[in-house]
Amino acid sequence: MDIYQPKVVKAVAVSGNSQAGKLLGKCVSLPTGFHFIVDRRSFEPIEDVFDFLLAENVSPLGKPKLRNQENTSKANAEDLVDLLLYANSIRVPLTGFTEELIQGYADSMSETISPQTQKVYSDATILKRVATAKRSLEYLQNKGRLKHRIDVREVLTKGEAKLIFAPNVHLPKAPAVNALVRHIPPELIDEIVEELGRLPSEQGTGLTRDRLFFTYLTNTGARISEGLSGNCSELPFKLLGKKDPLSVCYQRVTAKGGHNRNVRLPIWVLEELALYINNERAAAVASLPPGKAHDKIFVNEQHANRGAGLPLTAANFRKIFRRAALKAAERVGRNAVPSPHSCRHSFALINFAAEKRNGNQNPGKSVQALLGHKDESTTNRIYLNASVILEEALSEDDQRFLMKMLHGRKP
């Protein structure tokens, strides 16, 4: 018999006084969007991983809420399902794992065919899944729940001493992150814009929200969750008519981890937001009952099948954006399809180029501040990787697009 029969489930809003709430017990207090793992046979949370997922993904301060985006919680849970299935195959529960078994798990993936790609798992996938496995096992060890102690050793990494759990596990070398793969190529931007419709200030018919949110993400570098956290009442509309449209102001958003940060917002984008809020958004929220009233900027359209006027969700916009990006990529003959997060990479690249062009000796530091990263190495490693980014790596089209952006013209 299998030790585990794992299934990923997602917490949803349930009243504690309802019949469902009484059946779910402690799961009622979980934040909406939190993904965890239950046993298919009993639908009880699998304790070996539930407590870790809770600690990793849910903030314990005040009302429980996700530390990160919902898709991060989902990815962590899916990684651990893979680990539990491996534990089944060797007939050892997670509490009985050793460093040798972690190595066996890593080695097994190099020979496993991915059900999504029908190819052997990539090095990046192996690294990600082993990292999640090690964090979960380290959590169990710290709680005194592992039968065999796994080594924790101080290792020098890039000049810094760090404590590494299971340091003897050999893994593939981390692949270089290429920001040029992740940004949106110039020819795709025009096609995506065509698919998403018009801006509020442009003549024509049709809705403007999708194009406006894409424009917002591209020009602020905000994460999709940050953009959707913005409130109408916190936008500095008093600056309209007083500042040059090509100058900037700042908007407060809820950042990754639940803290607040300010994003740089061009005045011309603020003008577009004002038009959207006063017209399209106003029509959408007009029919909301008093108990559903809210202050979020981006909302479901007036004639939406469900939830008209309610806040736009990240999952909904990702579907909309993917449809537009697929059509755009097909028209220009590209296989790679960008995601909304690619807007953040494009923003980083454009501003890196601007800072370098203006003589900034450390452009990465400026981009770090714009993106809200605590560590400059994160900016350089994931978003820029850019010591020769302008001189060698960019195509001629990319460079023309960057120069167009740097001269203040809208995409």
Side-chain angles (χ1 to χ4, degrees), residues 6-13 27 30-38 45 49-50 52-59 64-84 114-117 121-122 124-133 135-136 177 179 181-184 210 213-214 216-218 220-230 253-259 261 263 296 298 300 307 310-326 336-348 371-373 378 382-383:
K7 175 182 175 64
V8 175
V9 295
K10 182 175 77 168
V12 296
C27 294
L30 297 175
T32 300
F34 170 61
H35 288 72
F36 57 104
I37 304 171
V38 299
V49 291
F50 178 80
F52 162 73
L53 289 171
L54 195 64
E56 177 121 323
N57 295 290
V58 178
S59 172
K65 61 182 179 180
L66 289 180
R67 295 180 190 272
N68 304 304
Q69 295 183 36
E70 180 181 323
N71 60 337
T72 302
S73 171
K74 182 181 179 183
N76 286 338
E78 290 174 343
D79 286 348
L80 290 181
V81 165
D82 192 68
L83 177 65
L84 293 172
S114 165
Q116 279 79 33
T117 65
Y121 282 124
S122 67
T125 298
I126 295 173
L127 288 167
K128 175 178 173 291
R129 291 195 169 176
V130 172
T132 306
R135 293 198 310 276
S136 67
V177 178
V181 174
R182 296 188 175 194
H183 85 299
I184 305 178
D210 298 335
F213 192 43
F214 171 66
Y216 173 91
L217 294 176
T218 306
T220 63
R223 301 175 179 91
I224 187 171
S225 60
E226 292 174 339
L228 295 177
S229 75
V253 297
T254 302
K256 194 174 181 179
H259 65 277
R261 80 175 184 96
V263 298
K296 297 304 177 189
F298 296 99
N300 296 332
L310 293 177
L312 175 67
T313 65
N316 192 11
F317 184 73
R318 286 193 182 95
K319 290 178 184 177
I320 293 166
F321 184 87
R322 181 163 178 79
R323 284 197 296 267
L326 280 169
V337 178
S339 70
H341 195 72
S342 302
C343 299
R344 187 164 159 87
H345 288 268
S346 293
F347 174 84
L371 295 178
H373 288 152
T378 302
I382 298 178
Y383 286 85

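Quick note: residue numbers are just sequence positions, from 1.
The ring pair (Phe, Tyr, Trp, His ring centres under 6.0 Å) test applied to Phe34 returns Phe36, not counting sequence neighbours. Partners of Arg135 according to the salt bridge (charged side-chain N to carboxylate O under 4.0 Å, His left out) rule, which considers only residues two or more places apart in sequence or in another chain, are Glu56. Considering only residues two or more places apart in sequence or on other chains, Thr125 meets the side-chain hydrogen bond (donor to acceptor under 3.5 Å, both in side chains) condition with Ser122. With sequence neighbours left out, Lys319 forms a side-chain hydrogen bond (donor to acceptor under 3.5 Å, both in side chains) with no residue at all. Taking Arg261 as the reference, Glu226 meet the side-chain hydrogen bond (donor to acceptor under 3.5 Å, both in side chains) condition, with sequence neighbours excluded. Taking the side-chain contact (heavy atoms from CB on, under 4.5 Å) definition, one finds that Ala325 meets it with Ile192, Phe321, Val337, Pro338, sequence neighbours left out. Every residue two or more places apart in sequence or in another chain that forms a side-chain hydrogen bond (donor to acceptor under 3.5 Å, both in side chains) with Arg318 is listed here: Gln69. Listed by chain and number, the residues in a salt bridge (charged side-chain N to carboxylate O under 4.0 Å, His left out) with Lys7 amount to none (sequence neighbours excluded). Taking Asp210 as the reference, Leu196, Phe317, Ile320 meet the side-chain contact (heavy atoms from CB on, under 4.5 Å) condition, with sequence neighbours excluded.
Annotation: salt bridge (Lys or Arg N to Asp or Glu O under 4.0 Å) contacts involving residues 71-84, sequence neighbours excluded, comprise Asp79-Lys128, Asp79-Arg129, Asp82-Arg129.
In terms of modelled atom types and a separation under 3.5 Å, the side chain of Ser73 and the main chain of His35 share a donor-acceptor contact. Panel note: side chain Asn57, backbone Leu66; no donor-acceptor pair is recorded below 3.5 Å.
Within the 4.5 Å cutoff, side-chain heavy atoms of Leu80 are placed close to those of Ser136. Looking at heavy atoms from C-beta onward, Phe298 lies out of side-chain contact with Pro311 at the 4.5 angstrom threshold. The shortest side-chain heavy-atom distance between Tyr121 and Leu127 does not fall under the 4.5 Å cut-off. Between Leu30 and Leu54 there is a side-chain heavy-atom pair separated by less than 4.5 Å.
Counting all heavy atoms, side chain and backbone alike, Ile224 lies closest to Pro340 at CD1-CB, 4.2 Å. Minimum heavy-atom separation, Leu312 to Leu228: O-CD1, 3.7 Å. Of all heavy-atom pairs between Leu217 and Ala222, the closest is CD2-O, 3.5 Å.
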